[in-house]
2 protein chains.
Amino acid sequence: MPKIVDHDARRRLIADALMKVAADQGLEAVSLRHVAAAAGVSVGMVQHYFHTKDEMMAFALAAVMDRTETRIRTAVAGLGENPPPRLLLRTMIAALLPLSGTARDDGRVALAFLAYAAVRPEAGAGLRPGTGQLVEFVAGLLPDPHGVASAGALLALMEGLGVYLLGGQMTPDQALTALDAQLDLLFLP
Amino acid sequence: MPKIVDHDARRRLIADALMKVAADQGLEAVSLRHVAAAAGVSVGMVQHYFHTKDEMMAFALAAVMDRTETRIRTAVAGLGENPPPRLLLRTMIAALLPLSGTARDDGRVALAFLAYAAVRPEAGAGLRPGTGQLVEFVAGLLPDPHGVASAGALLALMEGLGVYLLGGQMTPDQALTALDAQLDLLFLP
DNA sequence: CGTTTCGCAATACGACTGCATTGCAAAGGT
DNA sequence: ACCTTTGCAATGCAGTCGTATTGCGAAACG
């Protein structure tokens, strides 16, 4: 067998270029040619590693989710062992919000995928399963009187803050203030 | 001057067709030809009433916002004079959520526009100004200890519920339960 | 030292896009 | 009755899209 290359590295290179294009020109600007140009490679090479565009999109979406999970995990890791529930929640949610830099770019891509998934249900099937477990996890962190409804509300709040941040209707300060107000509501009886 | 036709009626006809296409095939499927076909007219006629595609999109977005405002207004009108603040808020937010039917279609279109606006800030400029006033209005309805931060949080919650509803991560029941939990939090000290 | 297999570039194809152009029918105004 | 203006259909054009095809250089194996 000839020329050994790291297939997965190439795929990540291409996926990174895709997300760069999507983040600053929108998902509808993601084409094989644009992605190839952004990655500095030929269209043929992109086709070599992704047989179809959908395959490439799916890989990129998975990469965004991976990066997001990593971002949360490292943020939480900085908290030490057994952090107080309120701090843990605030840290996780703040890490998930598109406040700046990479998180903002990822958020834009995720929002675009969300809109796409709202119309192509089978495309967003991968997004759905995590939410139920997340609600239960959050519910376990809330003080006693609150149930899964409040957990769902908190997650919805987070999602909405993300949308407002990306749309420019809220500044990062305003979003974090709103988040803290909600946590006050939940944790201070 | 020849043949008098109701310009605005034609534009609304075309915009309705656009929203139909966008609602069940996504915003990226909105093209002059598809919209014309959905409206049962020729491409030339669409071009006659909208000189450019962006003009057509802007008109359609304005129409969605109009319909939404009307939906809220009629829902609130059914409440009579001086309704209690909590009921007023619940009614307004429930009318805004994409729970079913037209509201769901409008929601899909709005979400698509949102994703588009996250990347083309000048396109979503029309969306932004209303939010600030809305926050203040909501803040005025909340009982005493709560400020604009809680109002922003409530609106973000609404937005997030909308996203979850469209994405299928929440059922209408779950969304309304979460909304009520939040209103409990705000109104029952 | 072939030979084979892989990595990748180039190009061609048909479908689609937004938009400009052209032409014609119909309907007032005079 | 003519003329002008408007409503609208048809068609053409240049560009982009995803994908299939083709071909060639390079690297490991026999």
Side-chain angles (χ1 to χ4, degrees), chain A residues 1-61 109 112-113 115-116 119-120 122-123, chain B residues 1-22 24-61 109 112-113 115-117 119-120 122-123:
Chain A
M1 298 169 184
K3 218 197 294 200
I4 302 161
V5 303
D6 185 342
H7 273 231
D8 218 56
R10 296 278 202 219
R11 290 165 82 98
R12 278 197 304 270
L13 173 82
I14 295 171
D16 279 355
L18 187 159
M19 291 187 293
K20 187 167 156 48
V21 172
D24 52 50
Q25 297 183 245
L27 203 60
E28 87 269 0
V30 171
S31 71
L32 294 189
R33 287 164 239 263
H34 282 161
V35 170
V41 303
S42 75
V43 180
M45 174 159 158
V46 175
Q47 282 191 276
H48 187 73
Y49 287 101
F50 298 102
H51 298 67
T52 167
K53 184 187 177 183
D54 283 347
E55 199 181 315
M56 180 177 70
M57 304 276 268
F59 184 89
L61 176 57
V109 177
F113 270 109
Y116 186 73
V119 133
R120 291 263 148 68
E122 81 282 2
Chain B
M1 297 164 183
K3 218 198 289 199
I4 303 162
V5 302
D6 186 341
H7 274 230
D8 217 55
R10 295 279 202 221
R11 289 164 84 98
R12 279 197 304 271
L13 173 82
I14 295 170
D16 278 355
L18 188 159
M19 291 187 293
K20 188 168 155 47
V21 172
D24 53 50
Q25 296 183 244
L27 205 60
E28 87 269 359
V30 171
S31 70
L32 293 188
R33 287 164 238 265
H34 282 163
V35 170
V41 304
S42 75
V43 180
M45 173 158 160
V46 174
Q47 282 190 273
H48 186 74
Y49 288 100
F50 297 103
H51 299 67
T52 166
K53 183 187 177 183
D54 283 348
E55 199 180 314
M56 180 177 70
M57 304 274 269
F59 184 90
L61 176 57
V109 177
F113 270 110
Y116 186 73
V119 133
R120 290 263 148 69
E122 82 283 1

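Chain letters run A, B, ... following the sequence lines, proteins first, then strands; residues in each count from 1.
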Enquirer: Within this structure, what is the CZ-CZ distance for the pair F59(A) and R12(A), rounded to the nearest 0.5 Å?
Expert: 7.0 Å

Enquirer: D6(B) CG to dT6(D) C1': how many Å, rounded?
Expert: 15 Å

Enquirer: Just how far, in rounded Å, is P of dG7(D) from CG of L13(B)?
Expert: 15 Å

Enquirer: Looking at R10(A), does any N or O in its side chain come under 4.0 Å of the phosphate oxygens OP1/OP2 on dG7(C)?
Expert: no

Enquirer: What is the separation between atom CE on M45(A) and atom P on dC8(C), rounded to the nearest whole Å?
Expert: 5 Å

Enquirer: In whole angstrom, give the distance that lies between atom CD of E55(B) and atom C1' of dA20(C).
Expert: 16 Å

Enquirer: So which atom in V21(B) and which in A38(B) form the shortest heavy-atom distance, rounded to 0.1 Å?
Expert: CG2-CB, 3.7 Å

Enquirer: In terms of relative ring orientation, are Y49(B) and H7(B) parallel, tilted or perpendicular, with 30° and 60° separating the classes?
Expert: perpendicular

Enquirer: Is the backbone of V35(A) close enough, under 3.5 Å, to the side chain of K20(A) for a donor and an acceptor to pair up by distance?
Expert: no

Enquirer: Distances under 3.5 Å only, N/O to N/O: pair up the protein atoms with those of nucleotides 17-19 of chain D.
Expert:
| unit_1 | atom_1 | unit_2 | atom_2 | d |
| --- | --- | --- | --- | --- |
| dC17(D) | OP1 | S31(A) | OG | 2.9 |
| dG18(D) | OP1 | K53(A) | NZ | 2.9 |
| dG18(D) | OP2 | L32(A) | N | 2.9 |
| dG18(D) | N7 | R33(A) | NH2 | 2.5 |
| dG18(D) | O6 | R33(A) | NH2 | 2.7 |
| dT19(D) | OP1 | T52(A) | OG1 | 3.1 |
| dT19(D) | OP2 | K53(A) | N | 2.8 |

Enquirer: Can you name the nearest heavy-atom pair linking M19(B) to V109(B), along with the distance?
Expert: O-CG2, 3.9 Å

Enquirer: Hey, are the side chains of Q47(A) and T52(A) touching, using non-hydrogen atoms and a 4.5 Å cut-off?
Expert: no

Enquirer: If the cut-off is 4.0 Å, is H48(B) near the phosphate of dC8(D), judged by side-chain N/O to OP1 or OP2?
Expert: no

Enquirer: Just to be sure I understand the rule, does Y49(B) reach a base, reach only the sugar-phosphate, or reach nothing, if contact means heavy atoms closer than 4.0 Å?
Expert: sugar-phosphate

